[in-house]
Amino acid sequence: MLDIRLIRDRPDAVKRALATVGVREAEVDGLLALDVERRAAITRLETLKAERGQASKKIGALKDAAERDRAIAATRGLGDEISAAEAVVAAAEERFTARMLETPNLPHPDVPVGPDDSANVVVREVGTPRSFAFPPRPHWELGEALGIIDFERGAKISGSRFYVLKGDGARLQRALIGWMIDVHVRHHGYTEIYPPAMVRRECLVGTGNLPKFGDNLYRDVEDDLWFVPTAEVPVTNLYRDEILEPGTLPVKHVAYTPCFRREKMSAGRDVRGIKRGHQFDKVEMVKFVEPATSDAELAALLDDAEDVCRRLDLPHRVVQMCTGDLSFTAAMKFDVELWAPGCAEWLEVSSCSNFRDFQARRAGIRYRPAAQAKPELVHTLNGSGLALPRVVIGILETYQQADGSVVIPEPLRPYMSGVEVLRPR
RNA sequence: GGAGAGAUGGCCGAGUGGUCGAAGGCGCACGCCUGCUAAGCGUGUGUAGGGGUAACACUCUACCGAGGGUUCGAAUCCCUCUCUCUCCGCCA
């Protein structure tokens with residue numbers, strides 16, 4: 001959520017910035033109008049309440065019964081006026097908040113301006129895509145031949161976009177989870193979190209998934225519990241409505257969770273293989289930092305994500321999103337993409353974003369810069385570290401050999417009891 | 001799932017209709033005092049929103065788990081919900 005004060009004080013700057021992410025000027029004017037309406041209503045209500053407060057105070061001090069009764073009778077009408085004014089405030093507040101919650105974040109001034117993903121910028125490519133003496137096969141062929149991915153049974157028990165990992169396939173994914181968490185904990189200074197995978201609705205409002213993107217989420221209707229689409233949701237909300245004491249920032253967490261997404265927007269796309277499922281695993285990094293440091297923290301976060309690729313020796317590239325391709329909540333965002341030689345495409349395995357105070361304002365996450373100082377909103381950031389089945393794709397396709405076997409990258413071997421090669425059966 | 005108890009400021013804890021944003025204590029901050037330390041004394045110490053100011057000051061409103069109700073007036077009475085604790089049952 002944006003700071004309404006900023007919109008009030010510098011409406012033109014806000015309009016210009018929001019225009020680059022596709023928000024029309026009229027929307028900002030609408031916000032401003034709702035704000036004026038809301039404040040007028042509040043002022044009226046508070047005037048009435050102050051009046052009543054005075055009157056009640058006097059009544060309390062009155063000793064004479066008749067005088068008292070007269071004063072009470074005279075004040076009685078105020079109650080109805082206040083109820084009416086309260087209803088006006090509530091309605092104005094609701095209209096205002098609803099619009100505020102649906103307004104996207106302001107892009108960071110350094111973000112390249114552009115209409116859509118065609119204007120994204122490839123920042124760097126790391127490593128050289130391996131050249132093959134044979135036509136590299138896509139992971140769905142490799143996986144079936146190796147007996148480690150079972151698409152048919154996945155569809156049988158759960159429908160399309162579900163698959164079953166089996167044997168060393170399941171183990172490879174589990175090894176990656178454990179190893180990646182260890183990398184971030186041991187080498188990058190994150191603290192591991194095991195969060196709930198089902199959360200209350202407010203959490204999703206806090207991170208910005210609701211109210212706008214509810215149709216991508218799964219939900220238990222009976223208890224109104226929502227399945228997390230990413231660990232970002234529970235982990236960011238860990239400190240919802242809290243004030244972090246001086247000296248606690250930066251807070252750096254890494255968490256593994258399964259993630260659940262309806263993928264309605266991409267119906268019919270990427271249905272082949274395990275690239276895009278309704279359920280997938282992900283290791284996620286989340287940071288809470290002081291505002292002045294958040295740009296540097298984003299660079300560090302991105303490097304932490306890339307480090308996973310480096311350690312696995314997987315060629316990858318970093319792409320900066322232009323304004324038009326920024327997510328709703330992000331002020332700046334970089335994707336890390338792995339090259340998958342089998343399906344011949346770049347696979348997004350991480351999305352590293354700085355949300356600045358956008359989520360913090362929604363979720364009420366603040367910190368105290370110094371003892372006695374006034375609380376301020378933190379900046380939140382997060383990035384995948386990394387997204388799972390896609391790293392499995394990258395490994396299978398990159399390390400395949402002519403006979404269909406796949407070499408397991410060195411760092412993962414200890415996590416797989418020393419298995420070095422997966423062989424077709 | 002059944003029965004019961006509870007939720008007050010950073011913490012402990014008082015308050016059962018009026019002048020209570022809330023006694024007292026602890027903690028913390030600043031000042032004083034004191035060879036040092038400790039003790040002592042004094043002052044201060046929440047959050048959010050509105051108005052106001054160049055910025056302070058100042059002022060109003062809300063908040064005693066959440067929401068609703070009764071009342072001129074609610075931390076205090078009523079209803080609903082959430083969470084915590086205890087016991088029983090069940091379960092990984």
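These numbers were taken from a predicted model, which means no experiment stands behind them.
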Asker: Could you check how far CD of A:E242 sits from P of B:rU47, rounded to whole Å?
Answerer: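 Distance check: A:E242 CD to B:rU47 P gives 16 Å.
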
Asker: Rounded off to whole Å, could you give me the CD-to-P distance for the A:E86 and B:rU61 pair?
Answerer: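 Result: 14 Å.
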
Asker: Does the A:D168 side chain pair with the main chain of A:L422, one donor and one acceptor, at a distance under 3.5 Å?
Answerer: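 It does not hold such a pair.
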
Asker: Nearest-Å distance, CZ (A:R76) to P (B:rG73)?
Answerer: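 Distance check: A:R76 CZ to B:rG73 P gives 9 Å.
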
Asker: So, OP1 or OP2 of B:rC72: does either fall under 4.0 Å of a side-chain N or O from A:R68?
Answerer: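 No, A:R68 has no side-chain N/O under 4.0 Å of OP1/OP2 on B:rC72.
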
Asker: Atom pairs, N/O to N/O, protein against nucleotides 48-55 of chain B, distance under 3.5 Å?
Answerer:
from, atom 1, to, atom 2, distance (Å)
B:rA48, OP1, A:R366, NH1, 2.6
B:rA48, OP2, A:K374, NZ, 3.4
B:rG49, OP1, A:R5, NH2, 3.1
B:rG49, N2, A:E46, OE1, 3.0
B:rG49, N2, A:E46, OE2, 3.4
B:rG50, OP1, A:R8, NH2, 3.3
B:rG50, O2', A:T43, OG1, 3.0
B:rG51, OP1, A:R39, NH1, 2.9

Asker: When you compare B:rG21 with B:rU76, how far apart are their C1' atoms, in angstrom units rounded to a whole number?
Answerer: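 It works out to 15 Å between them.
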
Asker: Write down the distance separating the C1' atoms in B:rA75 and B:rG9, rounded off to the nearest Å.
Answerer: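 Here B:rA75 and B:rG9 have their C1' atoms 12 Å from each other.
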
Asker: Write down the distance between CD1 (A:I243) and P (B:rG9), rounded to a whole number of angstrom.
Answerer: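 Rounded to the whole Å, the gap is 13 Å.
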
Asker: On a whole-Å scale, what distance lies between the P atoms belonging to B:rA7 and B:rC78?
Answerer: 14 Å

Asker: Within the structure shown, what part of the strands sits under 4.0 Å from A:T75 by heavy-atom distance: base, sugar-phosphate, or nothing?
Answerer: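 Sugar-phosphate, backbone atoms only, no base.
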
Asker: For B:rU82 versus B:rC28, give the span between their C1' atoms, rounded off to a whole number of Å.
Answerer: 32 Å

Asker: Go ahead and name the base partner of B:rU70; Watson-Crick or wobble counts if both distances stay under 3.5 Å, otherwise write none.
Answerer: none

Asker: When the P atoms of B:rU61 and B:rA22 are considered, how many whole Å apart are they?
Answerer: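 So the two P atoms sit 13 Å from each other.
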
Asker: With heavy-atom distances below 4.5 Å as the criterion, would you say the side chains of A:P250 and A:E290 are in contact?
Answerer: no

Asker: Going by purine N1 to pyrimidine N3 plus the second Watson-Crick contact, or the G-U wobble pair, all under 3.5 Å, which nucleotide sits opposite B:rU45?
Answerer: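 Matched B:rU45 with B:rG27 under the 3.5 Å cut-off.
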
Asker: When both hydrogen-bonding distances must be under 3.5 Å and the geometry is Watson-Crick or G-U wobble, what is B:rC64 paired with, if anything?
Answerer: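 The answer is none; no pair meets the criterion.
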
Asker: Give none if B:rU16 has no partner; otherwise give the nucleotide forming a Watson-Crick or G-U wobble pair with it, both distances under 3.5 Å.
Answerer: none

Asker: Which whole-number value in Å describes the distance from A:I59 CD1 to B:rU71 P?
Answerer: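 Taking atom P of B:rU71 as the reference, CD1 of A:I59 is at 14 Å.
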
Asker: Please list, chain by chain and in numerical order, all residues satisfying ring pair (Phe, Tyr, Trp, His ring centres under 6.0 Å) with A:F260, sequence neighbours excluded.
Answerer: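 Scan of A:F260 (ring pair (Phe, Tyr, Trp, His ring centres under 6.0 Å), adjacent residues dropped) gives A:F227.
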
Asker: Would you mind pulling out the nucleotide paired to B:rC87, Watson-Crick or G-U wobble, both distances under 3.5 Å?
Answerer: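 Looking at the geometry, B:rC87 pairs with B:rG2.
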
Asker: If I pick the C1' atom on B:rG17 and the same atom on B:rC64, what distance separates them, to the nearest angstrom?
Answerer: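 That atom pair is separated by 15 Å.
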
Asker: Is A:E376 reaching over with its side chain to a backbone N or O of A:R366, donor-acceptor style, under 3.5 angstrom?
Answerer: no

Asker: Within the 3.5 Å criterion, strictly below it, is a donor on A:Q173 or A:D281 matched to an acceptor on the partner's side chain?
Answerer: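 Per modelled atom types, A:Q173 and A:D281 side chains form a pair under 3.5 Å.
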
Asker: Any salt bridge between A:D12 and A:R16, counting N to O under 4.0 Å?
Answerer: no

Asker: Partner lookup for B:rC32, please. Criteria are Watson-Crick or G-U wobble with both distances under 3.5 angstrom; report none if nothing qualifies.
Answerer: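 Looking at the geometry, B:rC32 pairs with B:rG40.
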
Asker: Between P on B:rG17 and CD1 on A:I72, what's the gap in Å once rounded to a whole number?
Answerer: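 Between P of B:rG17 and CD1 of A:I72: 16 Å.
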
Asker: List the steps, then state whether salt bridge (Lys or Arg N to Asp or Glu O under 4.0 Å) holds for A:D357 with A:R361.
Answerer: CA-CA 6 Å; A:D357 62 13; A:R361 185 171 291 106; 3.0 Å; yes

Asker: Nearest whole Å is fine: how far is B:rC63 P from A:K49 NZ?
Answerer: 6 Å

Asker: If we call it a pair only when both distances are under 3.5 Å in a Watson-Crick or G-U wobble match, what pairs with B:rA57?
Answerer: none

Asker: With distance as the sole test, does A:Q359 use its side chain to make a donor-acceptor pair with the main-chain N or O of A:T207 at under 3.5 Å?
Answerer: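 Here the side-chain-to-backbone pair exists.
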
Asker: For B:rC60 versus B:rG65, give the span between their C1' atoms, rounded off to a whole number of Å.
Answerer: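 These two C1' atoms come out 27 Å apart once rounded.
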
Asker: Mind calculating the distance between CG (A:D80) and C1' (B:rU70) to the nearest angstrom?
Answerer: 13 Å

Asker: At 4.0 Å (heavy atoms only), tell me whether A:R368 reaches a base, stays on the sugar-phosphate, or touches nothing.
Answerer: sugar-phosphate

Asker: With distance as the sole criterion, is a donor-acceptor pair present between the side chains of A:E306 and A:H316 under 3.5 Å?
Answerer: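 Side chains of A:E306 and A:H316: pair found under 3.5 Å.
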
Asker: Starting at the 5' end of RNA chain B, which residue's closest nucleotide do you reach first, A:K57 or A:E51?
Answerer: A:K57

Asker: At under 4.0 Å between heavy atoms, what does A:A50 touch on the DNA or RNA strands: base, sugar-phosphate, or nothing?
Answerer: sugar-phosphate

Asker: How far does the C1' atom of B:rC11 sit from the matching atom of B:rU45, given to the nearest Å?
Answerer: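 One C1' to the other, the span is 14 Å.
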
Asker: Under a 3.5 Å cut-off for both distances, is B:rA7 Watson-Crick or wobble paired, and to whom?
Answerer: B:rU82

